[in-house]
There are 2 protein chains.
Amino acid sequence: MKLTTRGRYAVMAMADLALFKDKGPTSLTDISLRQNISLAYLEQIFIKLKNKNLVRSVRGAKGGYVLQNSPDEIKISNIISAVDEEIKMLNCKKESKKGCNNKSTKCITHNLWDQLDQHINNFFEKVKLEDLVRKNQTLNK
Amino acid sequence: MKLTTRGRYAVMAMADLALFKDKGPTSLTDISLRQNISLAYLEQIFIKLKNKNLVRSVRGAKGGYVLQNSPDEIKISNIISAVDEEIKMLNCKKESKKGCNNKSTKCITHNLWDQLDQHINNFFEKVKLEDLVRKNQTLNK
DNA sequence: TTCAATTCCTACTGTTTTAGTCTGAATTAA
DNA sequence: TTAATTCAGACTAAAACAGTAGGAATTGAA
């Protein structure tokens with residue numbers, strides 16, 4: 001799991017979409033203004049979200065994007081991996097090509113990174129878009 | 001917690017040091033050969049480890065580096081943060097300067113990243129250098 | 001005393017990633 | 001027809017990353 005601001009923007013945008021999901025398609029212009037993210041950058045991000053079937057697009061005037069599933073079905077992990085590609089953050093690629101088999105001193109840290117990666121993935125697997133939106137609403141009270 | 005190969009190299013090198021700690025100072029040349037990390041790069045990394053008092057240096061011929069504490073007292077988190085500087089991986093800096101107070105939609109993801117960061121820190125807090133070395137030894141059986 | 005092994009110090013560099021920008025085309029509601 | 005939108009792809013500035021290079025200082029051993 002790679003973690004960049006692009007991933008964070010994606011989560012913010014999807015949360016925004018969730019908040020306004022009852023008002024028809026949400027345009028990127030709106031999200032751009034509300035979340036203060038450059039429109040052109042959002043466009044790039046949404047192409048990826050669309051390709052991964054997380055959102056559906058409505059073209060033309062009054063168009064925008066709509067969530068493909070309900071917020072309680074969308075995992076944060078899906079959003080992040082949609083825009084940030086790679087799942088593994090630090091792996092043993094080099095060593096594994098040279099025959100890393102978990103038995104050499106070189107790969108003494110192999111398991112450690114593996115476990116951490118599982119940890120992070122697990123964390124984002126548990127959190128749904130719905131959780132963020134709910135949290136935001138209570139915070140706004 | 002930022003996670004790069006530099007941090008991983010640092011952990012590998014420290015683990016190597018732990019494995020050979022009974023044989024006097026370990027030279028970077030040795031570590032370089034055993035762990036297959038460039039000597040010059042190791043030098044840079046060890047300057048930082050030394051500045052953070054994780055290792056002690058012995059200059060001159062037959063010199064090298066020695067762990068400052070016993071492996072069961074050295075947390076992985078200390079090693080990584082020593083060489084990778086930053087603790088926070090993704091924060092709300094921009095927004096916080098503009099008055100992010102956890103109440104705005106903009107910072108809807110604020111808590112999420114905070115929690116994740118705690119998660120990761122917590123993970124590396126629990127693991128000690130000793131754990132890696134022990135694991136390596138059993139794996140070598 | 002000399003030499004080789006070592007740490008120490010600092011500057012430089014090539015590559016990749018990141019976070020965008022820019023331009024323009026296609027689509028469609030009003 | 002027009003304005004609002006998505007779609008597409010090339011381009012770019014800056015930073016980070018991983019590593020190189022060159023040499024100075026220190027010190028154990030021959």
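Labels below follow one simple rule: chain letters A, B, ... track the order of the sequence lines, proteins then strands, and each chain is numbered from 1.
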- Query: Roughly, in whole Å, what's the span from CD in B:E43 to P in D:dT26?
  - Reply: 16 Å
- Message: Just the rounded figure in Å: distance from P of C:dT23 to OH of A:Y41.
- Response: 20 Å
Identify each donor-acceptor pair in which a side-chain atom of residues 57-69 of chain A lies under 3.5 Å from a protein atom, sequence neighbours left out, and give them as a table.
none

- Message: Let me check the geometry of the helix from C:dT1-D:dA30 to C:dA30-D:dT1. What is the bend angle between the axes at its two ends, five pairs each, to 10°?
- Response: 0°
- Between A:I45 (CD1) and C:dG20 (C1'), how many Å, whole number? 10 Å
- Hits for salt bridge (charged side-chain N to carboxylate O under 4.0 Å, His left out) against B:E43, two or more places apart or cross-chain, chain-then-number order -> none
- Between B:I37 and A:S27, which is nearer to the 5' end of DNA chain D once each is assigned its nearest nucleotide? A:S27
- Can you name the residues that form a side chain to side chain contact (heavy atoms under 4.5 Å, CB included) with A:K75, not counting sequence neighbours? A:S77, A:N78, A:E125, A:K128
- Task: Give a yes/no on whether any side-chain N or O of B:S57 is located under 4.0 angstrom from OP1 or OP2 of C:dC8.
- Result: yes
- Atom CG of B:L28 and atom P of C:dC8: how far apart are they, to the nearest Å? 8 Å
- Query: For the side chain of A:Q44 and the base of C:dT21, is some donor closer than 3.5 Å to an acceptor across the two?
  - Reply: yes
- How many Å lie between NZ on B:K48 and P on C:dT7, as a whole number? 18 Å
- Item | Side-chain (B:D117) to main-chain (B:W113) donor-acceptor, under 3.5 angstrom | no
- Set of side chain to side chain contact (heavy atoms under 4.5 Å, CB included) partners for B:D72, sequence neighbours left out: B:S70, B:E130
- Message: OP1 or OP2 of D:dA18 versus the side-chain N and O atoms of B:T4: is any pair under 4.0 Å?
- Response: yes
- Query: What's the CG-P distance between A:D30 and D:dT5, to the nearest Å?
  - Reply: 7 Å
- Starting from P on D:dT5, measure out to CZ on A:R56 and report it in whole angstrom. 17 Å
- With B:R34 as the cation and B:F20 as the aromatic partner, state whether NZ or CZ is under 6.0 Å from the six-membered ring centre and within 45° of the axis. yes
- Message: With side chain to side chain contact (heavy atoms under 4.5 Å, CB included) as the test, pick out the partner of A:I79 among A:L49, A:D84, A:V55, A:I45.
- Response: A:L49
- Message: Can you list everything that forms a salt bridge (charged side-chain N to carboxylate O under 4.0 Å, His left out) with B:K126? Sequence neighbours excluded, please.
- Response: none
- For B:Y65, report the nucleic acid contact type (base, sugar-phosphate, nothing); a contact means any heavy atom under 4.0 Å. sugar-phosphate
Do any N or O atoms of the protein come closer than 3.5 Å to N or O atoms of nucleotides 27-30 of chain C, and which pairs are they?
unit_1: C:dT28; atom_1: O2; unit_2: A:A61; atom_2: N; d: 3.4
unit_1: C:dA29; atom_1: O4'; unit_2: A:A61; atom_2: O; d: 3.4

- Residue set satisfying salt bridge (charged side-chain N to carboxylate O under 4.0 Å, His left out) with A:E73, at least two apart, ordered chain then number -> none
- Message: How many whole angstroms separate atom CG of A:L39 from atom P of C:dC22?
- Response: 12 Å
- Item | side-chain N/O B:S38 vs D:dA18 OP1/OP2, d < 4.0 Å | no
